[in-house]
Amino acid sequence: MPNAHDTVKAYFDTLVARDAEALIAMMLPAAHYVKIGTDADEIVEGEAGITAYYRNHVASTEDFSITFISLDVQERANVAWFYTRQVWKLKWEGIAEEFMMRMTGVLEKIDESWKFAQIHASIGVPTS
């Protein structure tokens, strides 16, 4: 049974692998699910938008790599939270990008599996 840390790490590995269905399965199918991305209109509230969001995300990225600067995951009973700083390199809709990504999130343990209930991303100071 993966712990919360392993689940968070698997999320980023799965993003890089561009596996939409596995990403969708990691999300909590609940009305209180929230994913806030870096674009002004990049927000998913509730479970209805999860599938379309992650299918679009993986379809829009190529040559994706993530280098961790830090990762902290805290777990208490059925709730966990994380903070990470990373360097993302990818082609987004065909345009090569490199940037500092900062992310936080909350996970809930449901039937012995950790699911993401909230993820918030922001871009930090450019790396170049």
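The hydrophobic clustering, which links ILVMFWY residues whose side-chain heavy atoms are closer than 4.5 Å, places Leu15 and Phe68 together. Val44 and Ile24 fall within a single hydrophobic cluster, where Ile, Leu, Val, Met, Phe, Trp and Tyr are joined by side-chain heavy atoms under 4.5 Å apart, directly or via other members. A continuous path of Ile, Leu, Val, Met, Phe, Trp and Tyr side chains, each step under 4.5 Å between heavy atoms, connects Val16 with Ile123, placing both in one hydrophobic cluster. Hydrophobic clustering of Ile, Leu, Val, Met, Phe, Trp and Tyr side chains at less than 4.5 Å, counting indirect connections, keeps Trp92 apart from Ile36.
Taken from CD1 in Ile110 to CG in Asn78, the straight-line distance is 7.5 Å, to the nearest 0.5 Å.
Considering only heavy atoms from C-beta on, Trp81 comes within 4.5 Å of Arg76 through its side chain. Thr84 places none of its side-chain heavy atoms less than 4.5 Å from the side chain of Tyr11. By the 4.5 Å heavy-atom criterion applied to side chains, Glu97 and Trp88 are not counted as neighbours. Between Glu62 and Leu90, the closest side-chain pair of non-hydrogen atoms is not below 4.5 Å. Side chains of Tyr83 and Leu71 form no contact here, defined as non-hydrogen atoms less than 4.5 Å apart. Annotation: side chain of Val106 is in contact with side chain of Val79 (closest heavy-atom distance under 4.5 Å). Between Glu47 and His32 the shortest side-chain heavy-atom distance does not fall below 4.5 Å. The shortest distance between side-chain heavy atoms of Val87 and Phe99 does not fall below 4.5 Å.
The shortest non-hydrogen separation linking Phe64 to Ile66 is CE2-CG1, 3.7 Å. Contact record, Arg18 with Thr61: NE-O, 2.8 Å, taken as the closest heavy-atom pair. The shortest non-hydrogen separation linking Arg102 to Arg85 is CG-CG, 4.2 Å. The two residues Leu28 and Ile50 make their nearest non-hydrogen contact at O-CD1, 3.8 Å. Between Tyr54 and Ala20, the shortest heavy-atom contact is O-CB, 3.9 Å. In terms of heavy-atom proximity, Leu107 sits nearest to Phe82 at CD1-CD2, 3.9 Å.
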(Q) If you apply the rule side-chain contact (heavy atoms from CB on, under 4.5 Å), what do you find for Tyr33 with Lys115, and how did you get there? (A) CA-CA 10 Å; Tyr33 173 86; Lys115 302 285 183 178; over 6 Å; no
Q. Glu42 and Tyr53: side chain to side chain donor-acceptor pair (under 3.5 Å), yes or no, with the steps?
A. CA-CA 9 Å; Glu42 189 180 353; Tyr53 176 83; 2.5 Å; yes
(Q) Test side-chain contact (heavy atoms from CB on, under 4.5 Å) on Met100 and Ile69; report intermediate values, then the result. (A) CA-CA 9 Å; Met100 294 287 297; Ile69 296 168; 3.1 Å; yes
Q) Are Met27 and Ile119 close enough, and set up right, to give a side-chain contact (heavy atoms from CB on, under 4.5 Å), and what steps lead you there? A) CA-CA 10 Å; Met27 302 305 122; Ile119 301 172; 4.1 Å; yes
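Using modelled atom types, one side-chain atom of Asn3 and one backbone atom of His5 make a donor-acceptor pair closer than 3.5 Å. A donor-acceptor pair under 3.5 Å is absent between the side-chain atoms of Gln86 and the main chain of Met101, judged by distance alone.
Remark: Ala22 engages Thr14, Asp19 in a side chain to side chain contact (heavy atoms under 4.5 Å, CB included) (not counting sequence neighbours).
Applying the side chain to side chain donor-acceptor pair (under 3.5 Å) test between Lys9 and each of Thr7, Asp13, Asp6 identifies Asp13 as the sole match.
Remark: Lys35 does not engage Glu45 in a salt bridge, criterion side-chain N to carboxylate O under 4.0 Å.
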